[in-house]
Every structure is written in C-alpha cells, then in structure tokens.
Participant: 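Here it is, the structure in full.
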Amino acid sequence: MIGLRMPGEMGPGAAPRRQQLSILVIDDNPGDRRLAEMSLKVGAQDAGADCDVLLAACLADGAALLETLAAGGPDAILLDLGLPDACGFAGLHKLKALRPDVPVIILTGLDESAKATTALSSGAADYLEKDDIRPRSLWRSVSYALERKKFQEELMHLARTDPLTSVKNRRALIEGLELSMDNASRSKTFCAVLIIDIDNFKQINDLLGHDAGDELLVTVAQRIASVVRRTDLVGRMGGDEFAVIATNLPNAHGALELAEKIAGEIKSVATLKGRRIEVGSSIGVALYPSGALSPGDMLTHADLAMYKAKKQGSRAICLYDDNLHRELRQKLQLKRAMLRDISTPSFYLDYQPIVDCRTHRIVSAEGLARWRQRDNKVIMPGDFIPIAEENGWISDLGMQMIDQACCFLAESVAAGAPIVPISINVSPIQCRDSAFAGQFTAAIARHGLNPELFNIEITESTFMQNIDSARRGLEALMSVGIGIHIDDFGTGYSSLSMLRDLPLKHLKLDRSFVSRLTGDVGTQRITEAVADLAHKLNFKTVAEGVETPEQVELLTRIGVDYLQGYYFSPPVSAMRLREELMLFGPHDAIAAEPRRDVRRSRAAHH
C-alpha cells in the first residue's frame, strides 16, 4: 500500500516524513466534488499522509490545471464520466493523452457500472460508484492505483534496462533515438549515435574468465556514463558493444569530441581482478540529419563506421560520412555482382613467376585470383576476397581457384609443356575448415597430379584464433607433399614459437621490407636476421615486390633464396606462363634486362 517510503524519506530509527500527495477531482456536481475532497483528506489523515485536493468543474478546467502543473502533479485524477464538455470516454482519452503517467479513477453513478468496466480497458486505473465514496474506500482505490503505477514503472524499468550493467538496453536506446531524431529535426540541431566496441574483449574473457569479463563490462558502462552529458543516453547493445545517443549537438565536432573522451576513459581501465590489462575501443559515429531516415539507419551507419574503425586498428574512431557511404555502396554493388558471378568462369588465376635469386631462373609461380566482370573490368582480390569471407563464399571460391590451378598443370602435362610448382593463397577461414585438406588432396588426385607440385600461402593471422586446428590441417597437407609458405612475414604477430611448431617450408618477406631496403640500414639488418633465422630452421626465403636492380643486388647479397616482382615479370595469364615455360624452359633466366613496367605497384595485383 501507500505506506512505503517515498524518495528522500529517512530510514528506520528516524521519524518518517509524512507522504505528500496531490489529487485532481474533475466533477460538474458541486456536492460530489465536496464529498470527494473531504473523503480524500480524511482518508489521507487516517493513513498518515497529507493530501492536496485540486478541484475542476469541467474537463477544460481540469486540462488547464494539468498543463499548469506539468510534471509537478497531480499524483492521481478522479474523473466523472458525465461531464458537460466530455461525452462518454472522450474525457478519459484526453487526460491520458495529456498525462499518460497519471492514473485516472472513474467516478460513476449507479447505472454506469457497465461503462466503468469498459473504461478500465480504455486506460482507467479503477472505478468507484459515487454512492460508495467513503474516506476509507476512496483512499484504498487511490492507493491501489498508485501501487499499480509503481509496479508498472518497475516493470518498464526492467524492460528497458540491461540487467548486467544497469544502463539502457537496445529497446530503450531505439526509443530514445527516435525521440532525439524528432527533436533534432524541430530544433535544427544534430544528434549522434556512437557505437563502442571493446577491443580484444574475447581474449580478456578467455584469459581471466567470464566473471572478470562481466566486471569489465560493468566498469566500461560506468566509465562511459561518467563522461556523457545528462541529456545523453548510454546503453548496451549486446555482448561487448555499447551505444551512446548524444542530443542537441551544434555540429559533428561535438560527437567526435565525446568519442575521444569515451575512448580515453575506457583506456584508463588499468586493472581487472588484480591483474594489469590494456583496454582499447573502436568507436563508430553516425550523425542525424546526415542521410539516415530512421533509428535503424542510424544504428546501421554507426555500426558500419565502428567496423571500419576496427579495421583501422585499436582505439580508432570513424565517422560515417559520404566517403564511407560511397565505399559501402560500392561494396554492396560488388557483393550483388559477386553473388551473380560466383559460380561462373568470371573468377580465374593469373600467375606471377618466382625466380632463383642467383640464376634468375623460374622455380615456381604464384596463382593470383582475379574477377573479370561483365563489362570486362578486372577486380583485384583485395576488393572481393573480404566480401567472400564475410558472406561465407570463400571456401567454394577457394576450391574453384585450386581446381583451376590443377587444370592448368594437368593441361600443361598433357600438352608436353614444362611445369613448375604453383603456390595458391588460402584464406584463414579455409585453413581452419576441417574438410579443407581432404578437398584439396581430392582435387589433386582427380587431375592425376603430384601433390608436390602445390604450395599454399597463408598469413600469420591464420593461427591467431585456433592454432591447434590450423596445425592439424597443415600437417595433413604437408604429409602428402604440399608445401606450406608463410606470406607477408613480418607484418603480423611474427611469433617465433609459430616458426618452431608449425610444418612450414618457406617464409615470404613482406613487400614493405623490400620497398624500404635501399637506403635503410635498419631494414637491411632485419632482413638479414630473418633470412639467417629461416636458414637455421631449414626454411627457404622468398622476397616479394622486387622492382629494382638495387633491390635484387641487396637481396642476393643478404642470401634470400627466391625473388618475385615486376622486375622479373608481372602476373600473366595461364597461357602466357605456359608459353614462356615452353619457350625458355622452366630453368631458364627470364630477366636478362630490367622490365620497363617494374615501377607499377604490385599491391593492386596481389
């Protein structure tokens, strides 16, 4: 009942503060108004409360009082159904529209009980026949109505609050965002959505346990809430993803400044369960008005910006703007075209020769995926491989490329042409697929080829999520003679234990080392150290992106085993590679003179 302590009351042992309530009575009968007023005051006094009664003779007067009081009251309304300016339930509907948070109790005559029952389904909190108005019965009806309101508010709070962090949940954020967008349209200001993702949360969760992960989420929620304004909303979207709705912003700078504050506050979390940790965040920001038409659009834009920030590296902040919109639109267009072309011969391999460092003779070739669209435009793998990975197409596409390499070698053998081993780039997703090794070896067997004619090139990121699963797959391939090459070595985690534990054959130095080799003593020493380490572990080394005679000379002196790049040959078609091998033989030098196009960047072709 109403005897519960109100906010601000003192606890046990202290004299409780009397409850203060305000009740509005709307009734056109002066006698009924007076009876209700006296009953409320006596009922309140008996319950140890004070009641301020406001009186109105018609709906218009009552509505005017509500607008005057605004959020300051009343706590409940007693409403007569038979008002001169409100027919039927029109009065109830208007009052609920003005103040949906205030419970309305219907006062009825003896012959209006059926109407009163209908009123309950229309939003009334209770009804009371006027002949039954007594201090105790009336106060009980008011008390029940206020208790129900309190209970409904608690349920609403639970329905709109994240149970772990006590910030808003996704549902409440969407509702708040809709209001913020409406307000921004009216006031000609901006509102913003910030999506905040905790970097490396899974690793922290796995290392320290789920209790520590939950503690980190609670701490991050508190840190975010500590730097936002009172008018901003903080919520948890799910997992380790939070959101902030910032309102009344004059421009985009305000949203970006808030993002910087949040990132700094999250970074300041230094310990968890007594252990030092480093916590970063990736934050995506979307503004309104700026192309979004709905709360769903805003959340999508902020989410896309967050993923863009995540790709840029830890603790990055990205604003969804026209450039990102164009980039994503182009990506969507590529996705649609890729879905159309994925099962057609539009995807194919070009081949770039790899030569012996001292003799410059072809020893192998790398197969590089290409996509020729219907307008004859060729799309490079850096543009379509991520799309294939994101949409679950990479395994099928990868096997298409493997089958094409098998066809190339099998056709060359059938034509009596010389052949060299082919290296094929393999996605980390393929490598972690338990069926991949079997599918690869089955394709080789189907074409009647020797597995030693194939190498796979994988990046260090292949082993970051599940090294044991990757190792088993690689060992299955290596056991039949397929070579394992680490591509782009030196740009990822470069774990020395990985070199010791995994069944590797070659290390391929990333082009970033080769491009800085001339004139950079530090890069030369690193390259020398890597080549020396590889040789002591019985690995061969390959340098990619070789474009100048100076690079060739330095790499040869350092002791790198094989070279690849435009200095020797750009990627060529399967037919052109076969012709070169037939013309020169697989062991003849192919670079008697420097190529004229060696300055072209290989990055666009790999």
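Position 1 is the first residue of the sequence, and the numbers go up from there. Side chains included, hydrogens not; waters and symmetry mates left out as well; all remaining heavy atoms used.
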Participant: When you look at Asp403 and Met399, which way does the side chain to side chain contact (heavy atoms under 4.5 Å, CB included) test go after all the steps?
Facilitator: CA-CA 6 Å; Asp403 197 64; Met399 286 310 303; over 6 Å; no
Participant: Any side-chain to backbone donor/acceptor pair from Asp375 onto Lys377? Under 3.5 Å, distance only.
Facilitator: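 A pair under 3.5 Å: yes.
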Participant: Okay, side chain of Ser427, backbone of Ile429: is any donor-acceptor separation there less than 3.5 Å?
Facilitator: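 Checked: pair present.
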Participant: Just jot down the salt bridge (charged side-chain N to carboxylate O under 4.0 Å, His left out) partners of Glu260, sequence neighbours excluded, or say none.
Facilitator: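 Scan of Glu260 (salt bridge (charged side-chain N to carboxylate O under 4.0 Å, His left out), adjacent residues dropped) gives none.
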Participant: To the nearest 0.5 Å, how far apart are CD in Glu528 and CG in Leu517?
Facilitator: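 Rounded to the nearest 0.5 Å, the CD-CG separation comes to 8.5 Å.
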Participant: Taking C-beta and beyond as the side chain, do Ile444 and Val480 meet within less than 4.5 Å on heavy atoms?
Facilitator: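 No - every pair of side-chain heavy atoms lies 4.5 Å or more apart.
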Participant: So which pairs with a foot in residues 345-359 pass salt bridge (charged side-chain N to carboxylate O under 4.0 Å, His left out), sequence neighbours left out?
Facilitator: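 Of all non-adjacent pairs touching residues 345-359, those that pass salt bridge (charged side-chain N to carboxylate O under 4.0 Å, His left out) are Asp350-Arg370.
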Participant: Within the 4.5 Å heavy-atom criterion, are Phe440 and Ile456 side-chain neighbours or not?
Facilitator: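 A side-chain contact exists here, since the closest heavy-atom pair is under 4.5 Å.
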Participant: Charged N to carboxylate O under 4.0 angstrom, Asp162 versus Lys168?
Facilitator: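 No.
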Participant: Is Asn455 close to Lys505 at the side-chain level, that is, under 4.5 Å between some pair of heavy atoms?
Facilitator: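 Heavy-atom side-chain distance check passes, below 4.5 Å.
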Participant: To the nearest 0.5 Å, what is the distance between CD (Gln400) and OG (Ser395)?
Facilitator: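 Here the rounded value is 11.5 Å.
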Participant: Listed by chain and number, what are the salt bridge (charged side-chain N to carboxylate O under 4.0 Å, His left out) partners of Asp206, not counting sequence neighbours?
Facilitator: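 Testing Asp206 for salt bridge (charged side-chain N to carboxylate O under 4.0 Å, His left out), a comparison that skips the adjacent residues, returns Lys202.
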Participant: So do Asp240 and Asp197 actually touch side chain to side chain, heavy atoms under 4.5 Å?
Facilitator: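 Yes, close enough: below the 4.5 Å cut-off.
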Participant: If you define the side chain from C-beta out and look only at heavy atoms, does anything of Ile379 sit under 4.5 Å from Gln373?
Facilitator: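 Of all side-chain heavy-atom pairs linking Gln373 with Ile379, at least one is under 4.5 Å.
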Participant: Any chance the rings of His506 and Phe539 have centres within less than 6.0 Å?
Facilitator: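 No.
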Participant: Between Ile204 and Leu272, is any pair of side-chain heavy atoms under 4.5 Å apart?
Facilitator: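 Of all side-chain heavy-atom pairs linking Leu272 with Ile204, at least one is under 4.5 Å.
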Participant: Kindly check if the number of other-residue, nucleotide or ligand heavy atoms within 6.0 Å of CZ (Arg275) is above 12?
Facilitator: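 It does not: Arg275 CZ has 12 such atoms or fewer within range.
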Participant: Between atom OG1 of Thr527 and atom CG of Asp532, what is the distance when rounded to the nearest 0.5 Å?
Facilitator: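 Answer rounded to 0.5 Å: 12.5 Å.
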Participant: Does Asn391 reach the main-chain N or O of Ile387 with its side chain, forming a donor-acceptor pair under 3.5 Å?
Facilitator: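 At least one qualifying donor-acceptor pair exists.
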Participant: Measure the CH2-CZ distance between Trp371 and Phe347 for me, rounded to the nearest 0.5 Å.
Facilitator: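 One finds 5.0 Å between CH2 of Trp371 and CZ of Phe347.
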Participant: Is the closest side-chain donor-acceptor distance between Thr300 and Asp297 under 3.5 Å?
Facilitator: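 Looking only at side-chain atoms, Asp297 and Thr300 do not form any donor-acceptor pair under 3.5 Å.
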Participant: Asn538: which residues meet the side chain to side chain contact (heavy atoms under 4.5 Å, CB included) condition with it, sequence neighbours left out?
Facilitator: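 Scan of Asn538 (side chain to side chain contact (heavy atoms under 4.5 Å, CB included), adjacent residues dropped) gives none.
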Participant: Within this structure, what is the NZ-CD distance for the pair Lys331 and Glu327, rounded to the nearest 0.5 Å?
Facilitator: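 Reported to 0.5 Å precision, the distance equals 7.5 Å.
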Participant: For the CD atom on Glu175, are there more than 12 heavy atoms of other groups (residues, nucleotides or ligands in this structure) within a distance under 6.0 Å?
Facilitator: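 Yes - once you tally the heavy atoms of other residues, nucleotides and ligands closer than 6.0 Å, there are more than 12.
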Participant: Flag the pair Arg576 and Glu580 as a salt bridge only when some basic side-chain nitrogen lies within less than 4.0 angstrom of an acidic carboxylate oxygen.
Facilitator: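 Here Arg576 pairs with Glu580 in a salt bridge, since their nearest N and O are under 4.0 Å apart.
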Participant: Check step by step if side chain to side chain contact (heavy atoms under 4.5 Å, CB included) holds for Leu217 and Leu164.
Facilitator: CA-CA 8 Å; Leu217 292 174; Leu164 175 64; 3.8 Å; yes
Participant: Taking the side chain from Thr441 and the backbone from Gly438, do they hold a donor-acceptor pair closer than 3.5 Å?
Facilitator: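 Yes, Thr441 side chain to Gly438 backbone: donor-acceptor pair under 3.5 Å.
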Participant: If we ignore hydrogens and angles and just use 3.5 Å, is the side chain of Asp341 paired with the main-chain N or O of Thr344 as donor and acceptor?
Facilitator: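 Not at all, since once roles are kept as given, no pair shorter than 3.5 Å links the two residues.
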Participant: Between Phe242 and Leu194, is there a side-chain heavy-atom distance shorter than 4.5 Å?
Facilitator: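 When only atoms from C-beta onward are counted, Phe242 and Leu194 do not touch, as no gap falls below 4.5 Å.
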Participant: Could you measure the distance from the CD atom of Gln564 to the SG atom of Cys357? Nearest 0.5 Å is fine.
Facilitator: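 Rounded to the nearest 0.5 Å, the CD-SG separation comes to 13.0 Å.
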Participant: Taking all non-hydrogen atoms of both residues, which atom of Ala243 and which atom of Leu173 are closest, and how far apart?
Facilitator: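 So the minimum-distance heavy-atom pair works out to CB-CD1, 3.9 Å.
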Participant: Check step by step if side chain to side chain contact (heavy atoms under 4.5 Å, CB included) holds for Leu324 and Cys318.
Facilitator: CA-CA 9 Å; Leu324 181 55; Cys318 180; 4.1 Å; yes
Participant: Heavy atoms only: give me the nearest Pro571-Leu368 pair and the separation to one decimal.
Facilitator: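 For Pro571 versus Leu368, the nearest heavy atoms are CG-CD1, 3.7 Å.
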Participant: Might you point out which heavy atoms bring Ala388 and Leu397 nearest each other, and give the distance in Å?
Facilitator: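 Taking every non-hydrogen atom into account, CB-CD2, 4.1 Å.
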Participant: May I ask you to decide whether Lys311 forms a salt bridge with Glu390, counting only side-chain N to carboxylate O separations under 4.0 Å?
Facilitator: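 A salt bridge is present here (some side-chain N lies under 4.0 Å from a carboxylate O).
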Participant: Do you know the tightest heavy-atom contact between Ile424 and Ala405?
Facilitator: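 Reported closest heavy-atom pair: CD1-CB, 3.7 Å.
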Participant: Suppose we screen for salt bridge (charged side-chain N to carboxylate O under 4.0 Å, His left out). Which residues come up paired with Glu411, at least two apart in sequence or across chains?
Facilitator: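 If we apply the salt bridge (charged side-chain N to carboxylate O under 4.0 Å, His left out) test to Glu411, skipping adjacent residues, the hits are Arg578.
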Participant: Taking only residues two or more places apart in sequence or in another chain, which ones pass side chain to side chain contact (heavy atoms under 4.5 Å, CB included) with Asp561?
Facilitator: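 Listed in chain order: His535, Lys540, Thr541.
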Participant: Give me the ring orientation class for Tyr320 and His301: parallel if the planes are under 30° apart, tilted from 30 to 60°, perpendicular past 60°.
Facilitator: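 Taking His301 first and then Tyr320, their aromatic rings lie parallel (interplane angle under 30°).
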Participant: Considering all heavy atoms of both residues, which atom of Gln551 and which atom of Gly545 are nearest to each other, and what is their separation?
Facilitator: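 Heavy-atom minimum between the residues: OE1-O, 3.8 Å.
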Participant: What are the two closest heavy atoms between Ala365 and Leu577, and how far apart are they?
Facilitator: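 Looks like CB-CD2, 3.9 Å.
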Participant: Can a donor-acceptor pair be found, under 3.5 Å and without considering hydrogens, that links the side chain of Asn200 to the backbone of Gln203?
Facilitator: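 No, Asn200 side chain to Gln203 backbone: no donor-acceptor pair under 3.5 Å.
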Participant: Answer whether the closest heavy-atom distance between the side chains of Ile198 and Ser281 falls below 4.5 Å.
Facilitator: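 Not touching, per the 4.5 Å side-chain cut-off.
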Participant: So if I apply the side chain to side chain contact (heavy atoms under 4.5 Å, CB included) rule between Val244 and each of Val193, Val285, Ile224, which one comes out positive?
Facilitator: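 Exactly one candidate clears the test, Ile224.
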Participant: Taking everything shown except Tyr307 itself, do over 12 heavy atoms lie less than 6.0 Å from its OH?
Facilitator: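 Check fails, neighbour count at 12 or below.
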Participant: Between Lys508 and Glu366, does any side-chain N to carboxylate O distance fall below 4.0 Å?
Facilitator: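 So Lys508 pairs with Glu366 through a salt bridge.
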Participant: Please assess Val514 against Glu544 for the test side chain to side chain contact (heavy atoms under 4.5 Å, CB included), listing each intermediate value before the final yes or no.
Facilitator: CA-CA 7 Å; Val514 176; Glu544 61 179 350; 5.8 Å; no
